[in-house]
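All values derive from a computational prediction rather than experimental measurement. Counting starts at 1 for both ligands and their atoms, following the listed order.
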Amino acid sequence: MKVVLGVSGGIAAYKACELLRLFTESGHEVRVVPTRDALRFVGEPTWAALSGRPVATEVWDDVHEVPHVRIGQGADLVVVAPATADVLAKAAHGLAGDLLTNTLLTARCPVVFAPAMHTEMWQHAATQANVATLRERGSIVLDPAVGRLTGSDTGPGRLPDPAEIFQVCLRVLSGRPRDLAGRKVVVSAGGTREAIDPVRYIGNRSSGLQGYALARTAAARGAEVTLVAANVALPDPAGATVVRVESTAELREAVLTAAGAADVVVMAAAVADFRPATRSDSKIKKSDGGEPEPIRLATNPDILAELGERRTTPSQVIVGFAAETDDVLANGRAKLARKGCDLLVVNQVGPGLAFGTPDNAATVLVAGGEPVEVPRGPKEDVADAVWDLVAARLG
Ligand code: CTP
């Protein structure tokens, strides 16, 4: 596929080198079109060497080849990473002062913008209006990641992880529908931890991979995604707003808050059913030679059942997960009814199955419908199968 990588003048330009490599190493033909200011951060020889193609910023090079029209016309995808406030403004208003903005006007393929700038610039009404204009016209504008910015400040404005931008681009190139556009989706992921004392906790082995795949694929299908992540060590999926939590109480609070305005809630997190009835404020010491004190447990609220009971709109779709070792389907069916959800994704767990692996297989139980088998494959494929069923239910 022919990809145009537009790079505008922000410090995150160096991260676009990694994005470029991900494209070239997977066989894509990439033409890099930096702005003049981008070259102040990363020089022309770097782009030329990594892409194996000529690099120009102005419309005046190789004029006989009419590059200001040809590059955009011939592209299967244009991705601008990083996209500065300046380039978003120019694109929204159709300015065409250099090769990149000319390319954006002549491209008829999908366009992805990965903004990166300081929080104040991102949140400014002018930038937000430009982003809204671009989205209305069908461009995909990722939300920037939250974290450390240039200097000591932190906030929304970081370029999403290049591997995550790459995943979004692959999805766009695959031509899958953006059938969740305009939908608000909440996904919980990872596993909750219940503190015993300041250094110990009761936890579980959930890696968060399936929940993150659900968030990533929902964002790629156009949804506005809130990802409530319990103790997950993975890069933020591009385009998702990530809320980090630790305990079941924190997860419940975050999920119920976000669920208020959501069209869909997917509970992929492994939620601890029990917590220590009391949490010691100081580290529990081993008593000399004596028997350890037993840990008394208290039952946690069942968040999924709560969501099923109090849907904020009658059409809200609630999806649960179930990890089962025995009687997988019978237990799954009972759980679907008990928890009052619309879909229940049932995984069989055991050695090499489900936890921490990139692959998964599932049976999706559907309230009032036939079960759907999802064959073993990448967790993204399982996620897409879930979103297919959700999209059908949303109508
Ligand atoms: N879940 C939840 N709140 C809890 C426990 C689980 O919201 N306190 C959600 C999980 O996120 C998952 C689903 O419920 O979507 C299934 O969880 P699971 O622990 O498998 O079900 P249980 O009802 O705990 O049944 P059992 O432990 O008997 O298998």
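Here the side chain of Q210 pairs no donor or acceptor atom with the backbone of A268 at under 3.5 angstrom.
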Worked verdict on F23 versus F166 for ring pair (Phe, Tyr, Trp, His ring centres under 6.0 Å): CA-CA 7 Å; F23 276 116; F166 179 61; 5.1 Å; yes

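Protein heavy atom in closest approach to atom 26 (P) of ligand 1: K335 NZ, 3.8 Å. For atom 4 (C) of ligand 1, the closest non-hydrogen atom of the protein is V271 CG1, 3.5 Å. The nearest heavy-atom contact from the protein to atom 3 (N) of ligand 1 is I303 N, 3.1 Å.
Every atom of ligand 1 with a heavy atom of R338 under 4.0 Å away is listed here by number and element: 23 (O), 25 (O). When each atom of ligand 1 is checked for a heavy atom of L304 under 4.0 Å away, the hits are 2 (C), 7 (O), 9 (C), 13 (C), 14 (O), 15 (O). The ligand atoms of ligand 1 that sit less than 4.0 angstrom from a heavy atom of A269 are 10 (C), 11 (O). Taking every non-hydrogen atom of G320 and a distance limit under 4.0 Å, the qualifying atoms of ligand 1 come out as 15 (O). Taking every non-hydrogen atom of M267 and a distance limit under 4.0 Å, the qualifying atoms of ligand 1 come out as 7 (O), 11 (O), 12 (C), 15 (O).
Screening L77, V79, L100 for a side-chain contact (heavy atoms from CB on, under 4.5 Å) involving L5 leaves a single residue, V79.
For ligand 1, one of its N or O atoms has an N or O atom of F321 under 3.5 Å away. Close N/O approach between A270 and ligand 1 is not found [any backbone or side-chain N/O within under 3.5 Å]. The distance criterion of under 3.5 Å between nitrogen or oxygen atoms is not met by A268 with respect to ligand 1. Polar contact with ligand 1: present for D273 (N/O pair, distance under 3.5 Å).
With respect to the salt-bridge test (charged N to carboxylate O, under 4.0 angstrom), the residues R252 and E306 qualify. Between D236 and R244 there is a salt bridge, since at least one side-chain N of the basic residue sits less than 4.0 Å from a carboxylate O of the acidic one. With respect to the salt-bridge test (charged N to carboxylate O, under 4.0 angstrom), the residues E29 and R53 qualify. Salt-bridge annotation for D143 and R135: present, with a side-chain N of the basic residue lying under 4.0 Å from a carboxylate O of the acidic one. Ion pairing between R279 and D197 fails under the 4.0 Å rule for side-chain N and carboxylate O.
Residue contact check for ligand 1: K339 places a non-hydrogen atom closer than 4.0 Å to it. Ligand 1 has no atom lying under 4.0 Å from any heavy atom of R252.
Under 4.0 angstrom from ligand 1, the non-hydrogen atoms of P301 all belong to its backbone.
Within 6.0 Å of atom OH in Y201, 12 or fewer heavy atoms from other residues, nucleotides or ligands are found, so the atom counts as exposed in its surroundings.
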